[in-house]
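Note sheet for the following structure.
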Amino acid sequence: MNLQPFLDEFIPKPYIIAGPCSAETAGQMLDAARGVAAAGASVLRAGAWKPRTKPGGFEGYGAEALPWIVDAASACGLLSCTEVATSSHVHKALDAGIDMLWIGARTTANPFAVQEIADTLAALNADVPVLVKNPVSPDIELWIGALERINAAGITKVAAVHRGFSTYGDTYYRNSPQWRVPIELHRRLPGLPLICDPSHIAGRAEIVDKVAQQALDLGFDGLMIEAHCHPAQAMSDARQQLTPAQLRDMLSALRLCRTKDSGSERLASLRAEIDNIDDRLLSLLAERMAVTDEVGRLKQREGMPVVQPERYNALMGLRSEEAAARGLDPAFVRSVLAAIHEESVRRQLDIVNR
Ligand code: PEP
Ligand code: MN
C-alpha cells in the first residue's frame, strides 16, 4: 500500500478524535465541539447517517446535519469527520466541507459498498483522509481489503480504527477487543496509523478509560471517543458517551507510552490477550451455570436428587486426566472443578427449594 503520514502534519499525538455518536442539532454540535476542544481533542466526530441494526432506530438527519458538524468544528479550531457508506454520502460530505471521512464497521464488511466509496473518491480525485473501521467480524483480510480498495483509489491518507468485534451472547464488552487482530494489522502494515475507538468496544461509559489505556499501552496512535453534553438524552449510543468533563478527566489521566520499546509493547500485548481469555472464561462460566440451572429444573420436575455422586466422581476423574495431558496440574484443575461444582449444586438447591 502507498501510505502517506498525514495526521502528524496538523494534529498532536496521540490523535484525539471526539464528539457525539450522532449530530442531532446545530446547537448540540456547537456545545459538543466546545467541550471536546477544551478537553484536548483535535478532530470533531459525529454521524450524519447512522447505520442501525434494526429499523425504527434514529437513522441520523443526513445531509442536513453536515453543516452543523462543519460549522461547529471550524468555530472551535477542530477538523471535522463523519461517516460515509454510499457514493451519495461521499459527494454530500465533501460538498459540505467535511475534512475527514470514516467508513463504519458494517460498511467495511461489504466489499461492494467499500468499492463504491473508493470509485467515488477516485472519480472526484479527492485528497481527503479516510479512516477505515474494522469490519464487525474479526476478519483481518476483509479489513485490509477495504484499506487497499481505498488506497487503490488514490487515497494515501488512510488510517485504521479498531472498534472491536461482535460476539454472540453476553460479554463484558459491547464489542470484544480481540487485541491480537489490530496487533497483527500493525505487523502487516507498519506505516498505517492505528486509532482505537474505546467507546464502541466498551459500550458503557464506565469502562471507556480502561479500554483507552489498554490501547495506548499497546502503542495505538490515537483514540476516537464518543462525547455528548447530555449523554442520557443522546439519540444513539447513550450508554457509552462521555460528557466533555469526563473526557477531559480521562485524557489527563491517561498514561502515554514513554517508549516504543518492543519489550513493553509485547508485554502489554500479552496482558491484553490474558484479559481477553479471562473475559472468555467468565462468559463460559456464565454459560455453564445457565445449563446447570436447566439441569436443576429438570431434576426438580423428575423428582431426582440434586447430587449424583457417581456423576461427580466420573467428572473429576476424567478431567484430571485431561488436565495432565494439557500440561496443567491435576490438583489445580480438581480444585477449580470442585469450586465450579459446588456453585452448581448451590444454584440447583436454590431452584429445587424455590
Ligand atoms: C459510530 O462511530 O457511531 C458507529 C456507528 O461506529 P461503528 O461503525 O464502529 O459501529
Ligand atoms: Mn456510536
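Atoms within each ligand, like the ligands themselves, are counted from 1 in listed order. Position 1 is the first residue of the sequence, and the numbers go up from there.
- Classification of Asp217 and Arg271 as a salt-bridged pair fails, no side-chain N sitting under 4.0 Å from a carboxylate O.
- Glu226 contributes atom OE2 as its closest N/O/S atom to the Mn ion (ligand 2).
- Salt-bridge annotation for Glu322 and Arg326: present, with a side-chain N of the basic residue lying under 4.0 Å from a carboxylate O of the acidic one.
- The distance from atom OG1 of Thr156 to atom CG of Leu3, rounded to the nearest 0.5 Å, is 8.0 Å.
- The aromatic rings of His230 and His228 sit perpendicular, their planes meeting at an angle over 60°, well past the 30° parallel limit.
- Taking 4.0 Å as the cut-off between side-chain N and carboxylate O, Asp350 and Arg346 count as a salt-bridged pair.
- Note on His200: its N/O/S atom closest to the Mn ion (ligand 2) is NE2.
- Here Trp49 and Tyr61 keep their ring centres 6.0 angstrom or further from each other.
- Listed by chain and number, Cys21, Arg45, Lys50, Glu83, Trp102, Gly104, Ala105, Arg106, Lys133, Arg163, His200, Glu226 each place a non-hydrogen atom less than 4.0 angstrom from ligand 1.
- Ion pairing between Arg188 and Glu141 holds under the 4.0 Å rule for side-chain N and carboxylate O.
- For Asp237, the N, O or S atom closest to the Mn ion (ligand 2) goes by the atom name OD2.
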